[in-house]
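Take a look at the structure below.
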Amino acid sequence: MVSLIYSAICSIDGYVADEQGNFDWAVPDAQVHSFVNELERGVGTYLLGRRMYETMIPWETMIPWETTAHEDLQGTSASVGSSVPDEFAGIEAATVEFAQIWGGIDKIVYSTTLNEVSTARTTISRDFDADAVRALESEAVQDISIGGPTIAASAFAAGLVDECRLFVCPVSVGGGLPALPRGRLDLQLLEEKTFDGGVIYLRYAVR
C-alpha cells in the first residue's frame, strides 16, 4: 500500500534549522546517508516547498557523470570506476547514490513565486490542493514523500500524512523552524534505530 511520508532531520529540541536558518549540524554522515538512501528507493514522488526545493537543487548537478551504484560504486567512496573524474574521487558512495535517486524521482514544487524549475521531472503547483494529493496517492505505485515542515503542516492539517520519519541529531539549537506543526499530533512508534554518531531514527504512524 502506498504511503504519504513526512521525513525530516531535526535537532533534539525539534527544529530543522536554527533561528539564523542554519542546519549545518544536520548533515548526515555516511552511515546515516546510506540508511536514508535505502528508504528513498521506495519513493516515487517528492512534494516540496520552494525553500526545500532550492536547498535540494544542487543534487541535480553535483554528480555530472553517468554511472550506476552497482557497476561503478564499490566500497565507501566513489574513487573507483573509470567513469568517475579525478576531481570527484573520494566522494562518499552514499552521496553519489542519493544524487542518482533524487534525479530519478518526480517532484512537485509548491510555490506562488517560482516561475521556472532547473531540475528534471519537476512541476510547479501554485497551491497545496489536498484533493489533488489524494488523487495522486490513489494512482501512485510508490510512496510519496513530503519535504519541508511548512508544506508538511498543510498535509498534516488535511489528514494526509501516513508516516512521520525523524532523524534526531544530538544537538540542541534553542529555537528556529520546527520540524512538526504546532498543536497535538498523535503518533505510534513503529521503528527506532540509533547510529554510531548519535543520530536516532524514529519512524511513526500517524494516528
Side-chain angles (χ1 to χ4, degrees), residues 1-10 14 16 28 32-60 68-69 97-168 177-193 201-207:
M1 181 178 178
V2 170
S3 296
L4 195 147
I5 300 163
Y6 170 55
S7 298
I9 300 176
C10 64
V16 298
V32 174
H33 214 322
S34 294
F35 185 83
V36 169
N37 289 354
E38 292 307 308
L39 296 179
E40 296 303 289
R41 292 188 199 282
V43 173
T45 304
Y46 284 135
L47 309 182
L48 305 165
R50 180 184 59 81
R51 281 184 289 185
M52 177 59 74
Y53 171 69
E54 291 176 342
T55 299
M56 299 297 290
I57 286 176
W59 288 104
E60 191 86 0
T68 62
E97 288 169 355
F98 183 79
Q100 294 171 328
I101 292 167
W102 160 264
I105 293 177
D106 294 334
K107 307 159 192 71
I108 300 175
V109 183
Y110 296 94
S111 174
T112 58
T113 58
L114 195 65
N115 293 319
E116 60 183 11
V117 294
S118 57
T119 55
R121 306 181 67 155
T122 307
T123 58
I124 299 173
S125 180
R126 291 305 178 197
D127 52 30
F128 185 86
D129 185 334
D131 289 335
V133 175
R134 289 189 183 95
L136 178 67
E137 187 173 8
S138 69
E139 298 174 356
V141 296
Q142 289 183 287
D143 289 336
I144 299 170
S145 177
I146 289 197
T150 302
I151 198 69
S154 297
F156 276 113
L160 292 171
V161 181
D162 300 304
E163 281 192 15
C164 182
R165 298 174 178 177
L166 300 177
F167 290 83
V168 183
L177 181 61
L180 295 171
R182 300 297 186 187
R184 177 169 174 165
L185 186 62
D186 292 322
L187 305 170
Q188 178 184 356
L189 183 64
L190 299 177
E191 183 182 358
E192 61 181 315
K193 178 179 175 64
Y201 168 66
L202 301 170
R203 174 177 165 244
Y204 294 97
V206 180
R207 292 178 173 174

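T150 is not listed as a side-chain neighbour of Y110, based on a closest heavy-atom distance of 4.5 Å or more. T123 is not listed as a side-chain neighbour of K107, based on a closest heavy-atom distance of 4.5 Å or more. The shortest side-chain heavy-atom distance between I108 and L48 does not fall under the 4.5 Å cut-off. With contacts defined as side-chain heavy-atom distances shorter than 4.5 Å, the pair Y201/V36 does not qualify. Side-chain contact between N37 and E40: absent, with no pair of heavy atoms (C-beta onward) separated by less than 4.5 Å. Put simply, the side chain of V168 reaches to within 4.5 Å of the side chain of C10, judged on heavy atoms. At least one side-chain heavy atom of F156 sits under 4.5 Å from a side-chain heavy atom of V206. Within the 4.5 Å cutoff, the side chain of W102 has no heavy atoms near those of the I105 side chain.
How far CD1 of I146 is from OG of S154: 8.5 Å, rounded to the nearest 0.5 Å. Rounding to the nearest 0.5 Å gives a distance of 5.5 Å between CG of L4 and CD1 of I144. To the nearest 0.5 Å, atom OG of residue S111 and atom CG of residue D127 are 11.0 Å apart. The CG atom of L136 sits 12.5 Å away from the CG atom of D131 when rounded to the nearest 0.5 Å.
Proximity of a side-chain donor or acceptor of S3 to a complementary backbone N or O of I5 within less than 3.5 Å is not detected. Put simply, the side chain of R165 never gets that close to the backbone of L202: no donor and acceptor are under 3.5 Å apart. Judged purely by atom type and a 3.5 angstrom limit, R121 uses its side chain to pair as donor or acceptor with the backbone of G104.
Between R126 and T112, the shortest heavy-atom distance links the atoms O-CG2, 3.4 Å. Nearest heavy-atom pair across S138 and A135 is OG-O, 2.7 Å. Taking both residues in full, the closest heavy atoms of V2 and V141 are given as CG2-C, 3.8 Å, listed atom of the first, atom of the second, then distance. Nearest heavy-atom pair, P28 versus I9, reported as atom, atom and distance to 0.1 Å: CD-CD1, 4.5 Å. Of all heavy-atom pairs between S145 and V43, the closest is CB-CG1, 3.8 Å. Of all heavy-atom pairs between G148 and M52, the closest is N-CE, 3.7 Å.
Take D143 and apply the salt bridge (charged side-chain N to carboxylate O under 4.0 Å, His left out) test, not counting sequence neighbours, and it matches no residue. With sequence neighbours left out, E38 forms a salt bridge (charged side-chain N to carboxylate O under 4.0 Å, His left out) with R41. With sequence neighbours excluded, no residue forms a side-chain hydrogen bond (donor to acceptor under 3.5 Å, both in side chains) with D162. Partners of T122 under the side-chain hydrogen bond (donor to acceptor under 3.5 Å, both in side chains) rule, at least two apart in sequence or in another chain, are T119. Not counting sequence neighbours, E137 has no partner by the salt bridge (charged side-chain N to carboxylate O under 4.0 Å, His left out) test.
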Return all side-chain donor-acceptor pairs below 3.5 angstrom for residues 178-190, not counting sequence neighbours, or 'none' if the list is empty.
residue, atom, partner, partner atom, Å
R184, NE, D186, OD1, 2.8
R184, NE, D186, OD2, 3.3
R184, NH2, D186, OD1, 3.2

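A salt bridge does not link R203 to E192: none of the charged side-chain nitrogens sits closer than 4.0 Å to a carboxylate oxygen.
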>> As a quick check of understanding, evaluate salt bridge (Lys or Arg N to Asp or Glu O under 4.0 Å) for K193 and E191, giving each step before the final call.
In response: CA-CA 7 Å; K193 178 179 175 64; E191 183 182 358; over 6 Å; no
> side chain to side chain contact (heavy atoms under 4.5 Å, CB included) between L47 and Y53: does it pass, once the steps are laid out?
Replying inline: CA-CA 9 Å; L47 309 182; Y53 171 69; over 6 Å; no
> Given D106 and Y46, is the side chain to side chain contact (heavy atoms under 4.5 Å, CB included) satisfied, shown in steps?
Replying inline: CA-CA 6 Å; D106 294 334; Y46 284 135; over 6 Å; no
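Taking the six-membered ring where the residue is Trp, H33 and W59 present perpendicular rings, their angle passing 60° and hence far from 30°.
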